[in-house]
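Within every chain, numbering begins at 1; the chains are lettered A, B, ... in the order of the sequence lines, protein sequences first and strands thereafter. What you see is a predicted model; the values in this text were computed from it and never measured.
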Amino acid sequence: MYKYIIKRLLALIPVVLGVILLIFIIMSLTPGDPARIVLGNMASEEAIEEFREAQGLNDPLLVRYSKYVLEMFKGSLGSSYRTGHSVLSELLARFPATMQLATASILFALIFSVPIGAISALKQNSVFDNVGMIVSLIGIAMPAFWLALLLIITFSLNLRWFPSSGAGSWEYLVLPTIANGVSCFANIARITRSSMLEVIRQDYIRTARAKGVSKRDVTIKHAIRNCWIPIITIAGLQFGTMLGGTVIIENVFGWPGVGDFLLKSITSKDTPCVLGAIVLFTIVFSVVNLAVDIIYAYVDPRVKAQYK
Amino acid sequence: MRTMKKIGIFILITAMLMSMAACGGADPEGGEEGRVIVIAQSNDVSSLDPHGHNELTSGNVTRMMYDGLVRLTADNEYVPSLASSWEYLDQNTVQINLRDDVQFHDGSNFTATDVKYSLEREAQSSFSSHLLEMITAIEIVDDYSVILTVTDQSAALMSSLAHQCSGIVPKEYTENLEAEGKKLSDAPCGTGPYMYDYWTLGSECQIVPFEGYYDDAYAAKNDGLRFRYIAEDNSRVVALETGEVDVIIHVPNSSIESLLENEDVNVIMYTSCDLNYMSPNCSKAPFDNELLRRAVAHCIDREAMIQVQASGYAEANYAPIGKAAIGYSDPTVIYEYDLEKAKECLVGAGYPDGFEFTASVWGDQNAKSAQILQSACKQVGIIMSIEILDNAGMTSKCGGALHDVGMDNWTANSEPDNTYRPWFSRELIGAGGYNWSCYTGDEIETLVEAAVSTNDHNERLALYAQINDFVSEHSVVWPLFSKEGVVATGANVDGFGVFATGMHLFQNIEVNE
C-alpha cells in the first residue's frame, strides 16, 4: 500500500513539470506585456525595461522555465509582479478560505444527497422519488451564479438572516456553501439513486432478505456499502474541483479564496501567480484523487488486494 | 470499536471546519470599541507602499496613511500639507519649507532627510518615476527645508508632489525594515491621519486614526476605515442595502436607478474626470485621411451611446479630456451626428462607397457603444468590425500602433500634462503607451510642451484649449462622453469627501446611528 502511495506521489513530479511548461507556453502566447500591464501605461520605457530585466522577462522561454523549476524545487514559487508578495504567502493566505468552503460544500452535499438518493431508489417511482429527482435536475441545471444571487436577495436582502458577502464567522459560510454545494448535491443524489437501484436488485440482497434480515439492516449494512465506490468517485472529483477555487462563487460572495486570485492573476498576466496557483491545484487535485483511491481500498477489500 | 471510529471521524471533520472558521479573518461585528466605516471596493488592494503602486484602489488606503508635501483641494488648488510654504527662487529652483510639528506613526520626527529619501525612492520606483522626471536634484538646506532643482518644463511639479504616489515615508524606519528583508507594504508607516491596523490578503484592509496627527482640519473623525474587496457589482450594491458596508465607491450603472429610489441609501453624483473615447490610428490607412476620420466622427450618436452604455448618466463630450478635469474646454469646431455630412466626407475623400475598418474595444460595456457606431457606419457604407480585447490585448494592439481604432476609458488626474503628454507625445507612438491616435504632425506636441513650460495657470489653460480645438477640428481623437461619477452611501452616512478625480477623502465620514 505504502509503495503504491509513494509511486503515485512520484508520478506527480512529471505531471507538475508538464503543467508548468504548458502554462509558460500559454502565458507567452497571450497578448500583452506584463511589465506594461503592471506598471501602467504612464510608466517610462526605462522603467518598463528595468522591470522586464529584473523579472527575467527578457530571457527565452526555456531559460525562464528552467529557472522557475529550479526555484520551485528550492521551495520558492517566485513573487507576484503586481503586489511584490511571495506567491507562496499569497496562496497560503487564501487557500484556507477555499479549503473551508470546499469542505463545507462537500459535507453539505453528502449529508443531503446520499439519504435522498438512497430513499429515492428504495421508493422508486414514489412521490418522494419524483420530487427528489426533479430537485436534483434543477440543481444540476441551475447556474451557480444565478442561484447565488437568488440566495443573496432572499436571505440577505429580504430576510436579513445571513451576510451577503465576506468571510469571518460561520454565518458567512452558509450561503456560499449552499450555492457551491447544490450542483454537487444533485450529482451525488442521482449517482446514489442509480447505483442503489442496481445494488438492490442483486442476488445477495435478495438472499439476505430471504434469510430474514430486516429491510433496514439490508439497506444500511449491505446495499449502501456497495454504493460507496461511485459516490466516493464523484464526490472526490467534485471536491478536487472545488479546491481549485470556485471563481464565480468566490466572486459573488466576496470570498477570499484562490479562485478569484487566479482570475485576477490571469487578467493581469501575473505569470508567477498563475503558475503558483496552477501548481497548487495540480498537487491538490492529484492528492485528492490519491486519497479517493486509498478510500476505495478501505471501502472495498477487493480493491485493497490490487494495491499490494 | 467501529462506532468509536465513526465518532472520531465526525469529531475530526467538525474540528477541522471550526478551526478553519476561526482562522477565516476578522469578525466585522465583534471585538471593536467604536464605529469603523466600511468601504466596499471592486478591486483588491495591491500594495500599501505609496511608491509600490499607481492605482486608485490601493491609493484610497495609502492616501489616508501617507501625507505628501502638497495637498490638492476639491477646488483644484494646491495647498501646503507637510510643506509649510514654497517659493520659486528662480525658474529652475524651488525652496520648500517644511512643518516642524509632524511625527510619523512610529513616533519619529518628520524632517528634510525623510523628504529627500522619499522623493528619491519614488523617483526609483517603476510605478511612479515618471511623476518626478522634472526634478534633477534635491538638496537639504536644514532639518526643515529643501531645495528642488527642476527642469524648464516643471509646471506639473505641484501636481506631482500632491500625487498619491508622493507620500513621505520615514527614512530610518524604512531602511531598517528593508534591511531585515521586510517590505514597507507589510508594515506601513507614514504621517497621515490613519495608521495601519491589519490587511487580510484578498479580503479586507483596516486602518485606524493616528492620535498624533498634526492637522485638525484633516484629522480622522471616525473610528477607522475598513476597505472591503467585493468584486461583483450586484453583491456590492446588496451589501450597501443590507447595511453590511457604509460606502460603495464603484456603483454599477444598472443599479443607480434602484438606489435612487431606496430611502436607506444616499447616492452622490458628481461631474467626473472620466472620458469614454475612440482613437483612430492617424499614422496609417484608412485614418491617415482626415476626411475619413471626419466621416466616422459624423456617425457617432453620443446620446444613444449614453443611454445604452451609461443608462443616461453621462454627458456628451467633444474634448479629449474629462469634463471636470483641469484643461477641459468646449472645442470651437465639433462634428455632430449627421449621416448626410458623413456621406459628403466620404465623397470628398474619394470613398463614395465607404471603406472597412476594425475597432479594438476594451470590455463588454464599451462594445455596446461600438455597436451603435457600427450600425450608423453601415448606413453610410462604412463596414466596421468589432474585436473585444482585454487589458493585455489592448496594450499590445493599440499601444503597439497595430490598430485601426482603439476604444477605451480614461480618467484624468489633477495634472492635464498627465493626459495630453501620453496621448500625443510622438515618441510614445507604438511604444506600448496610450498614444493610440498616433498623430505624427508637430502641432499638438508643440502646444503640449509649451503648456508644461509655463507656470502661468491661465496661459496653460489657453494652450490646452488650443489643443482641444485642434484635436476636435482634425478628428484626431473621437471623444464620446463623460460618465457621471457615482458614489453611494448609507442614508445615515455623512461627510464623504468627493473629488472629481476619484481620489476621495474619507476622514470626515461619520455614521449617525
J.: Does the side chain of A/Ser165 reach to within under 4.5 Å of the side chain of B/Glu232, using non-hydrogen atoms?
T.: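 With C-beta onward as the side chain, the pair stays apart.
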
J.: From A/Ile152 CD1 over to B/Glu241 CD, what is the distance, rounded to the nearest 0.5 angstrom?
T.: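 The CD1 atom of A/Ile152 sits 11.5 Å away from the CD atom of B/Glu241.
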
J.: Please look at B/Asp49 and chain A and tell me whether the side chain, the backbone, both or neither of the residue comes under 4.5 angstrom of a heavy atom of that chain.
T.: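 Nothing of B/Asp49, per the 4.5 Å heavy-atom cut-off to chain A.
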
J.: Counting only non-hydrogen atoms closer than 4.5 Å, does B/Lys397 touch chain A with its backbone (N, CA, C, O), its side chain (CB onward), both, or neither?
T.: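 Answer is neither: B/Lys397 stays 4.5 Å or more from chain A.
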
J.: Heavy-atom distances under 4.5 Å only: say whether B/Asp186 touches chain A with side chain, backbone, both or neither.
T.: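 It is the side chain, since no backbone atom gets that close.
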
J.: Top residue by heavy-atom pair count (under 4.5 Å) with chain B, among A/Asn158, A/Asp260, A/Ile248?
T.: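 Of A/Asn158, A/Asp260, A/Ile248, A/Asp260 has the most heavy-atom pairs under 4.5 Å with chain B.
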
J.: Measuring from atom OG1 of B/Thr242 to atom CD1 of A/Ile153, what distance do you get when rounded to the nearest 0.5 angstrom?
T.: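 With rounding to 0.5 Å, OG1 (B/Thr242) is 12.0 Å from CD1 (A/Ile153).
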
J.: Which distance, rounded to the nearest 0.5 Å, do you find between the OG of B/Ser47 and the CZ of A/Arg82?
T.: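 Reported value, rounded in 0.5 Å steps: 10.0 Å.
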
J.: With rounding to the nearest 0.5 angstrom, report the CG to CG distance, A/Leu91 to B/Leu201.
T.: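 These two atoms lie 10.5 Å from each other.
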
J.: Considering only heavy atoms, which portion of B/Glu133 lies under 4.5 Å from any heavy atom of chain A: side chain, backbone, both, or neither?
T.: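 Looking at B/Glu133, just its side chain touches chain A.
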
J.: Counting only non-hydrogen atoms closer than 4.5 Å, does B/Ser129 touch chain A with its backbone (N, CA, C, O), its side chain (CB onward), both, or neither?
T.: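 Side chain of B/Ser129 only, per the 4.5 Å heavy-atom cut-off to chain A.
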
J.: Could you tell me whether the side chain of B/Ser235 and the main chain of A/Phe253 form a donor-acceptor pair under 3.5 Å?
T.: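 Absent.
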
J.: Distance check, rounded to the nearest 0.5 Å: B/Asp44 atom CG versus A/Thr83 atom OG1?
T.: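 The OG1 atom of A/Thr83 is 9.0 Å from CG of B/Asp44, to the nearest 0.5 Å.
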
